[in-house]
Amino acid sequence: MDNQVKDTAKKTGNALKNVLGEFKEFISKGNVLDMAVGLIVGSAFTAIVNSLVDDILMPFIGTILVGINFSTLGITIPWGNEPFIAIGNFLNAIVTFLLTALCVFSIVKVMNIFRRKQETKPEPPKPSKEEELLTEIRDLLAAQQAAAAVQVKTEEKSEKEPAALTK
């Protein structure tokens, strides 16, 4: 029985080491670190967009709409403890979402443009003069061999034709 307990403890210890090793490998990969940085920058970016909407755009829109203050826009329900439905806050959230989505779309669009530019393959370098000369020599030799092969075939045909005529 003691051996079974030891074997189980050993297997559990090995499994724990494997899981910890896999976790360490997962954490040390660049993708996880990039994702963490993106999350932090994204939350800071959201604060900037919220400030833009709440402090700049919504007062401007409220001024255009004859002094409506969206933060106080809502409906009070006249029964129970009279809850307040904050429609203005909901509109602020919608505008914030649309602006955030527009900014993220713009960033992705610009990144895709840069990525396409990097993916375009540069023209292969021109061959050197030596390579051009070697290519010409190769082509001339191939043409001479083809001409010699045609000449041999025509000679073989001409040798066979008189024999065929004499029959």
Side-chain angles (χ1 to χ4, degrees), residues 1-139 142:
M1 179 116 176
D2 289 332
N3 288 337
Q4 287 179 339
V5 172
K6 287 180 182 179
D7 289 340
T8 305
K10 195 174 198 179
K11 288 179 184 176
T12 305
N14 288 338
L16 184 61
K17 285 180 183 178
N18 288 340
V19 169
L20 289 176
E22 289 176 18
F23 181 71
K24 181 180 175 183
E25 181 181 343
F26 173 76
I27 290 296
S28 65
K29 285 187 178 179
N31 294 342
V32 175
L33 296 175
D34 292 343
M35 185 175 62
V37 169
L39 183 66
I40 292 167
V41 170
S43 64
F45 183 71
T46 301
I48 292 170
V49 172
N50 283 335
S51 176
L52 174 70
V53 170
D54 294 339
D55 300 332
I56 296 173
L57 290 180
M58 291 315 250
F60 181 70
I61 292 171
T63 302
I64 292 173
L65 297 175
V66 191
I68 296 175
N69 183 0
F70 280 95
S71 62
T72 60
L73 183 64
I75 300 171
T76 302
I77 300 177
W79 61 82
N81 59 356
E82 297 186 10
F84 181 75
I85 299 175
I87 296 172
N89 288 339
F90 180 70
L91 292 174
N92 282 349
I94 289 173
V95 171
T96 301
F97 168 75
L98 292 175
L99 284 175
T100 304
L102 178 67
C103 291
V104 170
F105 174 76
S106 300
I107 291 170
V108 169
K109 189 87 170 156
V110 169
M111 292 304 292
N112 284 340
I113 290 170
F114 285 129
R115 215 176 268 149
R116 278 189 217 123
K117 285 183 180 177
Q118 289 177 352
E119 288 177 1
T120 56
K121 295 179 182 176
E123 287 186 30
K126 284 189 170 184
S128 67
K129 290 192 177 204
E130 295 168 344
E131 290 173 340
E132 288 177 5
L133 289 174
L134 288 172
T135 304
E136 287 178 23
I137 292 170
R138 180 198 63 203
D139 293 343

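Side-chain N or O atoms of Glu131 include one that pairs as donor or acceptor with a backbone N or O of Ser128 at under 3.5 Å. The backbone N or O of Ile48 sits nowhere less than 3.5 Å from a side-chain atom of Ser51 that would complete a donor-acceptor pair.
Annotation: the span from Ile107 atom CD1 to Asn112 atom CG amounts to 12.0 Å, rounded to 0.5 Å. Interatomic distance, Ile87 CD1 to Ile75 CD1, rounded to the nearest 0.5 Å: 3.5 Å. Rounding to the nearest 0.5 Å places CG of Leu99 at 11.5 Å from OG1 of Thr46. Once rounded to the nearest 0.5 Å, the distance linking CD1 of Ile94 with CG of Asn89 reads 11.5 Å.
Considering only heavy atoms from C-beta on, Phe45 comes within 4.5 Å of Val49 through its side chain. For the pair Ile113/Arg116, a side-chain contact is recorded, criterion being any heavy-atom separation below 4.5 Å from C-beta on.
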Quick one: do Trp79 and Ile77 satisfy side chain to side chain contact (heavy atoms under 4.5 Å, CB included)? Show the steps, please.
CA-CA 6 Å; Trp79 61 82; Ile77 300 177; 3.1 Å; yes
Before you tell me yes or no, could you show the steps for Glu130 and Leu133 under side chain to side chain contact (heavy atoms under 4.5 Å, CB included), namely the whole-Å CA-CA distance, both residues' side-chain angles and the distance that decides it to 0.1 Å?
CA-CA 5 Å; Glu130 295 168 344; Leu133 289 174; 5.8 Å; no
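Counting heavy atoms of neighbouring residues, nucleotides and ligands inside a 6.0 Å radius, atom CZ of Phe84 exceeds 12 of them.
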